[in-house]
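Working notes for the structure below.
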Number of protein chains: 2
Amino acid sequence: MHVPDQPSCRAVNDVLSRIGDKWSVRVVMSLARGSKRFNELRREIDSISQRMLTRTLRALERDGLVDRTVTPTVPPRVDYALTSLGASLTGPVAMLGEWAMDNIGAIETARSQFDAAEADAC
Amino acid sequence: MHVPDQPSCRAVNDVLSRIGDKWSVRVVMSLARGSKRFNELRREIDSISQRMLTRTLRALERDGLVDRTVTPTVPPRVDYALTSLGASLTGPVAMLGEWAMDNIGAIETARSQFDAAEADAC
DNA sequence: CGGTATCCAAAAAGATACTG
DNA sequence: CAGTATCTTTTTGGATACCG
């Protein structure tokens, strides 16, 4: 694998600005396990507010990653599912997830050491 | 590849909170092409402020992704390089970069269509 | 049920000035 | 050169109330 150049850097940044927020990855990964209704997502993604779930879903929908289907019954039913584009994103994100799982320990150790060294200096 | 579970979701989120900010990926990718001095990075990462570069580098250093070497000459020389942990991150991030490059067009098309549909509704 | 609208607090980021 | 300190602006997220 070669090292990314400038334009791909901008693209990565664009993508990360989208999925790097507080909730998008949680939503995408939840939908990767199957399509869900609004309140199903809300229950599954612990502690997300209704407003943020709405906003996150709209943003993902706008970028063509999530598909929103309204069934105009009473009460209304709204289903969310990944598009094929959204599904294709789960691969790279899962890669990052594996890296995160493998290295979260090392990161936390580094943090402790850094903070300890900083505390010593004071 | 299996679909990530809940704990890995938290780890991904942790990592994304770190590298999903406005500048970290730019810095990591720049350093992936070789170690750099502070102002080299600043010139290469267009439009980053001195303050944000400092903060980003400190955060990356704290998490053990970047190594900071001070040579106490006059004027002082400070070199930044990826640690092996930081270097191992470039793999997954490059994956995401490839996905981003491949799909940024589709995303922008989706955005235009979404925005056009929204404008129609108003 | 699945939202919108409004308001508010906190965090992130930029501009600017100064320093060893 | 490589920062720190301070201030201001912008962005983000949460709480609450209301609606079709």
Side-chain angles (χ1 to χ4, degrees), chain A residues 10 13-28 30-31 35-63 66-81 114 117-118 121-122, chain B residues 10 13-28 30-31 35-63 66-81 114-115 117-119 121-122:
Chain A
R10 265 194 289 281
N13 238 337
D14 235 59
V15 170
L16 281 175
S17 310
R18 167 99 316 288
I19 66 164
D21 63 34
K22 205 170 173 181
W23 303 111
S24 291
V25 168
R26 301 282 301 272
V27 170
V28 168
S30 178
L31 290 179
S35 74
K36 305 258 162 56
R37 297 182 62 175
F38 186 86
N39 278 339
E40 281 185 281
L41 279 169
R42 196 176 173 186
R43 275 187 298 273
E44 191 163 334
I45 301 172
D46 198 48
S47 83
I48 192 173
S49 68
Q50 186 174 37
R51 179 174 175 270
M52 290 316 297
L53 181 53
T54 302
R55 288 169 62 107
T56 303
L57 285 167
R58 283 287 176 285
L60 292 171
E61 189 194 357
R62 175 170 184 261
D63 285 355
V66 159
D67 191 47
R68 180 173 180 266
T69 309
V70 181
T71 313
T73 53
V74 178
R77 177 193 179 95
V78 181
D79 286 278
Y80 292 93
F114 186 93
E118 219 181 25
C122 296
Chain B
R10 265 194 290 280
N13 241 336
D14 235 58
V15 170
L16 281 176
S17 310
R18 166 98 316 286
I19 67 162
D21 64 36
K22 204 170 174 183
W23 302 109
S24 291
V25 167
R26 300 282 302 271
V27 171
V28 168
S30 178
L31 291 178
S35 75
K36 305 258 161 56
R37 297 183 60 175
F38 186 87
N39 277 339
E40 283 184 281
L41 279 169
R42 195 176 174 187
R43 274 188 299 274
E44 192 164 331
I45 301 171
D46 196 50
S47 85
I48 191 172
S49 67
Q50 188 174 33
R51 179 174 174 272
M52 289 317 295
L53 182 53
T54 302
R55 289 172 63 107
T56 303
L57 285 167
R58 283 286 177 285
L60 292 171
E61 190 193 356
R62 176 170 183 261
D63 285 355
V66 158
D67 192 45
R68 181 173 180 266
T69 309
V70 182
T71 312
T73 54
V74 178
R77 177 193 179 94
V78 182
D79 286 278
Y80 292 92
F114 186 94
D115 294 349
E118 219 182 23
C122 297

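Computed over heavy atoms, backbone and side chain alike; hydrogens, waters and symmetry mates excluded.
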Check whether any side-chain nitrogen or oxygen of B:Arg58 sits under 4.0 Å from OP1 or OP2 of D:dG3, and answer yes or no.
yes
Taking C-beta and beyond as the side chain, do A:Leu41 and A:Leu57 meet within less than 4.5 Å on heavy atoms?
yes
Which parts of nucleotides 8-14 of chain D does protein reach within less than 4.0 Å, heavy atoms only, written one letter per nucleotide 5' to 3' as B for base, S for sugar-phosphate only and - for none?
-----BB
Picking from B:Ile45, B:Asp46, B:Asn39, what satisfies side chain to side chain contact (heavy atoms under 4.5 Å, CB included) with B:Arg43?
B:Asn39
Atom pair CZ/OG1 of A:Arg77 and A:Thr69 - distance to nearest 0.5 Å:
10.0 Å
Would you say B:Arg37 places a side-chain N or O within less than 4.0 Å of OP1 or OP2 belonging to D:dG3?
no
Are A:Phe38 and A:Thr54 side-chain neighbours, meaning at least one heavy-atom pair lies under 4.5 Å?
yes
Tell me the interatomic distance from A:Lys36, atom NZ, to C:dC1, atom P, rounded to whole angstroms.
17 Å
Could you state the CD1-C1' distance from B:Ile45 to D:dA2, rounded to the nearest angstrom?
15 Å
Whole-Å distance separating the CD atom of A:Glu40 from the C1' atom of C:dC1:
12 Å
Could you state the atom-to-atom distance from CZ of A:Arg42 to C1' of C:dG3 in whole Å?
10 Å
For A:Ser24 and A:Leu60, indicate whether the former's side chain and the latter's backbone hold a donor-acceptor pair under 3.5 Å.
no
Looking at A:Glu40, A:Arg68, A:Glu61, A:Lys36, which hits side-chain hydrogen bond (donor to acceptor under 3.5 Å, both in side chains) with A:Tyr80?
A:Arg68
Taking B:Arg26's backbone N and O only, do any of them form a donor-acceptor pair with B:Ser30's side chain (distance below 3.5 Å, no angle check)?
no
Assign each of B:Asn39 and A:Gln50 the nucleotide of DNA chain D bearing its closest heavy atom; nearer the 5' end lies the nucleotide of B:Asn39
What residues in residues 71-81 of chain B put a non-hydrogen atom under 4.0 Å from any atom of DNA chain D?
B:Pro75, B:Pro76, B:Val78, B:Tyr80
Do A:Leu31 and A:Val66 have side-chain heavy atoms sitting under 4.5 Å apart?
yes
